[in-house]
Number of protein chains: 2
Amino acid sequence: MRVLVARCEIGYSGRLETRLAPGDRVILFKDDGSVCVHALKGAKPINYMPGPTVVEEDGELIRVRRPASGESLTVLVEQVHADTRFALTDGAELERAGREKEIQALLAEAMHVIEPGLRLLERERPTDVGPVDLFCRDAAGLVTLVEVKRVRAVAAAVEQVIRYREQVERDPSLRPVRAIVAAPDFAPQARVLAEARNVECIAFDPAVLRGEVEPALRLF
Amino acid sequence: MRVLVARCEIGYSGRLETRLAPGDRVILFKDDGSVCVHALKGAKPINYMPGPTVVEEDGELIRVRRPASGESLTVLVEQVHADTRFALTDGAELERAGREKEIQALLAEAMHVIEPGLRLLERERPTDVGPVDLFCRDAAGLVTLVEVKRVRAVAAAVEQVIRYREQVERDPSLRPVRAIVAAPDFAPQARVLAEARNVECIAFDPAVLRGEVEPALRLF
DNA sequence: ATATACATGTCGAGG
DNA sequence: CCTCGACGTGTATAT
């Protein structure tokens with residue numbers, strides 16, 4: 001890892017063209033080839049290049065190329081404030097709790113939160129237009145598709161489950177098919193669309209959901 | 001700007017919970033309150049907090065809080081490799097050129113690339129469910145909606161134009177309405193959905209498109 | 001390698 | 001403030 005703190009001018013050419021007039025920035029050159037340029041404000045890099053890249057340095061000019069896509073990032077260094085290379089090691093991976101996959105797993109263990117009597121047949125059941133999160137049958141035996149969102153559901157989520165329903169309904173033996181979107185919250189337009197297209201909206205509280213699969217929490 | 005290079009453990013609690021076991025990272029504390037943690041790989045920070053924040057430091061423990069949202073980021077420092085504060089100045093803003101609007105404008109100038117005889121009536125024509133990129137009539141006089149994508153079109157793009165078509169078709173005088181997605185490339189699932197819902201896929205080459213509106217290139 | 005969907009997405013425009 | 005679509009999206013996962 002190389003950490004360069006310098007007054008410099010930055011140019012990017014690829015999916016679009018950007019230029020950043022001279023100013024002080026912190027630039028990280030990582031060993032995997034990725035480069036990121038941090039300005040003085042904002043959590044995100046103002047410019048970047050994912051690895052793998054080829055980095056050429058010619059005096060005050062640093063050119064980072066990504067051969068795969070033809071993109072290039074150019075750093076014209078005017079004044080170096082610091083330029084240090086560090087030998088660093090890090091074997092850790094980021095552990096995340098609360099991703100969609102996890103929410104989906106929790107719901108799979110607590111189907112009654114969605115609807116009493118709902119039985120899970122398959123998770124991530126593939127169709128030609130995408131995977132159905134939870135492929136189920138309801139208490140009456142009807143095929144029921146559940147689309148899970150970890151954040152507020154918008155109209156696109158409703159459209160997604162409609163798309164799956166249409167695909168599944170191509171098999172006449174499975175019809176009729178119910179469609180449900182399960183999310184902690186719903187945008188008004190998502191509800192309107194769901195109503196119009198006969199899609200059900202089930203709101204769940206992630207905290208309660210965790211409680212449902214942690215029996216210890218509801219002993220008394 | 002403070003640049004801390006250290007072996008540390010990281011925790012984030014907010015929209016989800018994450019933990020990153022001890023390892024070497026580069027952490028930037030910016031004067032606007034934003035903080036970002038860079039691992040040894042990847043263009044994006046592995047953890048971050050947008051400003052404004054409150055940073056408390058208590059020995060080896062650094063706690064960054066975002067009162068507005070209740071999020072917090074915790075850095076437990078085990079070993080400091082470098083810890084430097086820089087007084088930096090940067091008044092520049094990022095200049096960009098070449099976005100989707102440009103592609104849309106190019107297509108508007110070269111409608112025959114989409115289909116011979118297609119006439120543009122309006123760009124960004126508003127509907128209740130969003131703006132139609134290119135609102136046209138075809139050679140036969142049929143209303144034709146074109147959704148433009150600068151990059152590969154996925155199923156969601158097809159759904160988008162279907163939604164617009166449904167909205168426009170609410171006016172019986174305009175029916176039937178054709179729907180087209182124009183993109184440099186199409187995901188297989190997008191083609192499947194388009195076929196099923198009677199949406200046409202038109203692939204264009206951005207380079208050729210530029211040529212089409214550059215008469216100089218086709219003088220001979 | 002390709003295809004697909006997630007993401008603490010972030011960001012900005014428009015109502 | 002909310003809603004929605006673009007983004008140089010990047011990134012991981014499964015085929």
Side-chain angles (χ1 to χ4, degrees), chain A residues 11-18 32 34 36-37 42-51 66 68-73 93-94 96-104 124 126-133 147-157 159-160 185-193, chain B residues 11-18 34 36-37 39 41-50 66 69-73 94 96-101 103-104 124 126-133 147-152 154-157 159-161 163-164 185-192:
Chain A
Y12 162 79
S13 180
R15 293 177 248 192
L16 53 58
E17 310 275 328
T18 75
D32 69 344
S34 57
C36 65
V37 180
K44 290 174 56 180
I46 193 166
N47 276 119
Y48 56 89
M49 285 279 274
R66 207 149 87 101
S69 59
E71 295 162 282
S72 75
L73 182 74
E93 298 233 338
L94 187 67
R96 279 176 273 217
R99 316 193 296 286
E100 175 165 318
K101 275 287 167 55
E102 190 197 340
I103 299 286
Q104 195 187 110
E124 299 289 351
T127 75
D128 285 350
V129 295
V132 178
D133 286 344
E147 175 66 25
V148 179
K149 289 294 158 194
R150 65 175 294 279
V151 293
R152 164 181 279 225
V154 296
E159 279 166 345
Q160 203 177 336
D185 186 26
F186 289 83
Q189 292 191 12
R191 289 195 185 274
V192 169
L193 178 62
Chain B
Y12 163 77
S13 180
R15 291 177 253 188
L16 54 52
E17 308 276 329
T18 76
S34 57
C36 65
V37 180
K41 297 176 183 297
K44 289 172 56 178
I46 193 166
N47 277 121
Y48 58 89
M49 287 279 277
R66 208 150 89 98
S69 60
E71 295 163 282
S72 75
L73 181 73
L94 189 66
R96 302 169 182 245
R99 45 199 184 273
E100 169 168 315
K101 279 290 166 55
I103 295 287
Q104 198 186 108
E124 299 289 351
T127 76
D128 286 350
V129 294
V132 177
D133 286 345
E147 173 67 24
V148 179
K149 289 295 159 192
R150 194 181 55 79
V151 294
R152 162 182 282 228
V154 296
E159 280 167 344
Q160 204 176 331
V161 74
R163 185 161 72 244
Y164 299 154
D185 185 26
F186 289 83
Q189 289 185 4
R191 288 196 186 275
V192 169

ask   = Of all residues at least two apart in sequence or in a different chain, which pass the side-chain contact (heavy atoms from CB on, under 4.5 Å) check with A:P131?
value = A:E124, A:Y164

task = Quick one: list whatever passes side chain to side chain donor-acceptor pair (under 3.5 Å) with A:E71, sequence neighbours left out.
result = A:Y12, A:R15, A:R66, A:S69

ask   = How long is the line joining CZ of A:R66 and C1' of D:dT11, in whole Å?
value = 12 Å

ask   = Considering residues at least two apart in sequence or located in another chain, which fulfil the side chain to side chain donor-acceptor pair (under 3.5 Å) criterion with B:T18?
value = B:N47

task = Provide, to the nearest angstrom, the distance between the CZ atom belonging to B:R152 and the P atom belonging to D:dC7.
result = 17 Å

key: For atom CG of A:D128 and atom P of C:dT4, their distance in whole Å   = 10 Å

P-based separation of C:dT8 from C:dT4 [nearest Å] = 22 Å

request  = Not counting sequence neighbours, which residues clear side chain to side chain donor-acceptor pair (under 3.5 Å) with B:D185? List them please.
outcome  = B:R152

message = Rounding to an integer number of Å, can you tell me how far B:R191 CZ sits from C:dA3 C1'?
response = 14 Å

ask   = Using the P atom in both, what is the distance from C:dA5 to D:dG8, to the nearest Å?
value = 22 Å

query = side chain to side chain donor-acceptor pair (under 3.5 Å) with A:R150: which residues, sequence neighbours excluded?
reply = none

query = What's the CD-P distance between B:E124 and D:dG5, to the nearest Å?
reply = 12 Å

remark   = The answer to which of A:P188 and A:G51 contacts DNA chain D further toward the 5' end, by nearest nucleotide, is A:P188

task = For A:L193 and D:dT3, give me the distance from atom CG to atom P, rounded to whole Å.
result = 14 Å

remark   = Correct closest heavy-atom pair for A:A43 and B:P45 would be O-CG, 3.9 Å

note = B/S/- along nucleotides 5-15 of chain C (protein heavy atoms under 4.0 Å) is SSSBSS-----

